[in-house]
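First up is the structure itself, then whatever we jot down about it.
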Amino acid sequence: MTAANWITLSRIALIPVFMVTLSYDTPVAQILSLIIFIFASLTDGIDGYVARRFNQVTTFGKFIDPLADKLLVTTAIVYFVQDGRMRAWAAVIILTREFVVTSLRMVAASEGHIIAAGPSGKIKMVVQIICISFLLTPLYEISMGPFTAGQASVLLMVAVTVWSGIDYIVRHKGLIWRRK
């Protein structure tokens with residue numbers, strides 16, 4: 001097991017801690033939730049850097065890293081739906097993209113191809129981290145005319161997620177529509 005993989009696994013290990021802090025409605029718990037989420041999100045860049053810098057890129061890492069990202073983001077999204085900060089339709093759109101891209105990666109892997117995260121997927125992840133971090137603060141309630149800042153944040157997250165999903169499908173359409 002490489003150091004990069006341990007860093008990725010630490011992100012997964014932080015998810016239950018994140019969930020526990022989210023379950024308490026106190027200012028301290030809200031701050032801890034934000035700190036844990038940001039720290040866990042930063043490990044995504046750290047594990048990638050370590051893997052590339054120290055030649056620790058592994059098949060397991062290519063599999064577990066995007067899964068860890070999805071688990072962390074999904075945890076926050078489910079909480080936001082439960083708490084009323086996000087509508088279910090937005091969560092379904094975001095999660096559908098994740099399932100579609102993951103399925104596409106699985107099909108590619110079954111044929112011996114690895115689909116690495118592309119630029120749109122990386123941008124999507126950064127936008128999701130920023131928007132989720134924002135939604136973990138009281139600032140999400142600020143009114144912006146017809147929307148709250150939180151609603152605008154969710155709309156941005158949905159838009160970037162849809163764009164990224166379309167980009168992945170278009171870039172890998174040969175895998176989808178190819179006949180065996």
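Keep in mind that what you see is a predicted model, and the values were worked out from it rather than measured.
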> Checking side chain to side chain contact (heavy atoms under 4.5 Å, CB included) for the pair Gln30/Thr21: CA distance, chi angles, key distance, verdict?
Replying inline: CA-CA 7 Å; Gln30 289 175 348; Thr21 59; over 6 Å; no
>> Go through it in stages, so that I can follow the logic: the residues are Met1 and Leu9, the test is side chain to side chain contact (heavy atoms under 4.5 Å, CB included), and I'd like the CA-CA distance, side-chain angles, deciding distance and then a yes or no.
In response: CA-CA 10 Å; Met1 185 73 81; Leu9 291 174; 3.7 Å; yes
>> Set out, in order, the CA-CA distance, both residues' side-chain angles and the distance that settles side chain to side chain contact (heavy atoms under 4.5 Å, CB included) for Ile123 and Trp163, then state yes or no.
In response: CA-CA 10 Å; Ile123 291 168; Trp163 163 71; 3.9 Å; yes
> Stepwise, does the side chain to side chain contact (heavy atoms under 4.5 Å, CB included) test hold for Tyr140 with Gln151?
Replying inline: CA-CA 8 Å; Tyr140 79 92; Gln151 290 168 327; over 6 Å; no
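In this structure, Ser41 OG and Met125 CE are separated by 5.5 Å, a value rounded to the nearest 0.5 Å. One finds the CG atom of Leu95 at 5.0 Å from the OG1 atom of Thr74 (value rounded to the nearest 0.5 Å). Annotation: the span from Lys173 atom NZ to Leu104 atom CG amounts to 12.5 Å, rounded to 0.5 Å. Rounded to the nearest 0.5 Å, atoms OG (Ser23) and OH (Tyr79) are 8.5 Å apart. One distance of note links CG of Leu14 with OG1 of Thr43; it measures 7.0 Å at 0.5 Å rounding. A distance of 11.0 Å separates OG in Ser103 from CD in Glu98, rounded to the nearest 0.5 Å.
For Thr161 (side chain) and Met157 (main-chain N/O), a donor-acceptor pair under 3.5 Å exists by modelled atom type. Judged by distance alone, the side chain of Ser10 and the main-chain N or O of Ile7 form a donor-acceptor pair under 3.5 Å. A distance-only check finds no donor-acceptor pair linking the side chain of Gln56 to the backbone of Thr2 [under 3.5 Å]. In this structure a side-chain-to-backbone donor-acceptor pair under 3.5 Å is missing from Thr148 to Met144. Formation of a donor-acceptor pair under 3.5 Å by the Ser164 side chain with backbone atoms of Val160 is not found in this model.
Hydrophobic clustering (ILVMFWY, side-chain heavy atoms < 4.5 Å, transitive): Ile129 and Ile93 are in one cluster. Under a hydrophobic-cluster definition in which Ile, Leu, Val, Met, Phe, Trp and Tyr are linked whenever side-chain heavy atoms come within less than 4.5 Å, directly or via other members, Ile15 and Leu42 are assigned to the same cluster. The cluster map of Ile, Leu, Val, Met, Phe, Trp and Tyr, joined by side-chain heavy atoms under 4.5 Å apart, puts Leu135 and Leu155 in the same cluster. Connection of Phe18 to Met86 is established within a shared hydrophobic cluster, with ILVMFWY side chains joined at heavy-atom distances below 4.5 Å, either directly or through further cluster members. Note on Ile12: it clusters hydrophobically with Ile36, by side-chain heavy-atom contacts below 4.5 Å among ILVMFWY residues.
Between Pro66 and Gly61 the shortest heavy-atom distance is CD-O, 4.1 Å. In plain terms, the two heavy atoms of Val81 and Arg87 that are nearest each other are CG2-O, 4.1 Å. Summarising the geometry of Ala13 relative to Pro16, their closest heavy-atom pair is O-CD, 3.2 Å, with the distance given to 0.1 Å. Counting all heavy atoms, side chain and backbone alike, Asp167 lies closest to Ser120 at OD2-OG, 2.6 Å. Closest heavy-atom contact between Thr75 and Leu71: OG1-O, 2.7 Å. Smallest separation of non-hydrogen atoms from Ser133 and Ile38: OG-CG1, 3.6 Å.
In Tyr24, the OH atom is not crowded: 12 or fewer heavy atoms of neighbouring residues, nucleotides or ligands sit closer than 6.0 Å. The number of heavy atoms from other shown groups lying within 6.0 Å of CZ (Phe134) is above 12. The number of heavy-atom neighbours closer than 6.0 Å to CZ of Phe147, taken from other residues, nucleotides and ligands shown, is 12 or below. More than 12 non-hydrogen atoms from other residues, nucleotides or ligands lie less than 6.0 angstrom from CZ of Arg171.
Sequence neighbours left out, the pairs with a member in residues 7-21 that pass salt bridge (Lys or Arg N to Asp or Glu O under 4.0 Å) are Arg11-Asp44, Arg11-Asp47, Arg11-Asp65, Arg11-Asp69.
Side-chain contact between Cys131 and Val154 is absent, with no heavy-atom pair separated by less than 4.5 Å. Put simply, the side chain of Leu34 does not reach to within 4.5 Å of the side chain of Phe39, judged on heavy atoms. Within the 4.5 Å cutoff, no side-chain heavy atoms of Phe99 are placed close to those of Thr96. The side-chain heavy atoms of Ile94 and Gln128, taken from C-beta on, include a pair separated by under 4.5 Å.
Checked against side-chain hydrogen bond (donor to acceptor under 3.5 Å, both in side chains), Thr58 has the following partners two or more places apart in sequence or in another chain: Asn5.
The aromatic rings of Tyr49 and Phe54 sit perpendicular, their planes meeting at an angle over 60°, well past the 30° parallel limit.
Using a cut-off of 4.0 Å between Lys/Arg side-chain N and Asp/Glu carboxylate O, Glu141 and Arg85 are scored as not salt-bridged.
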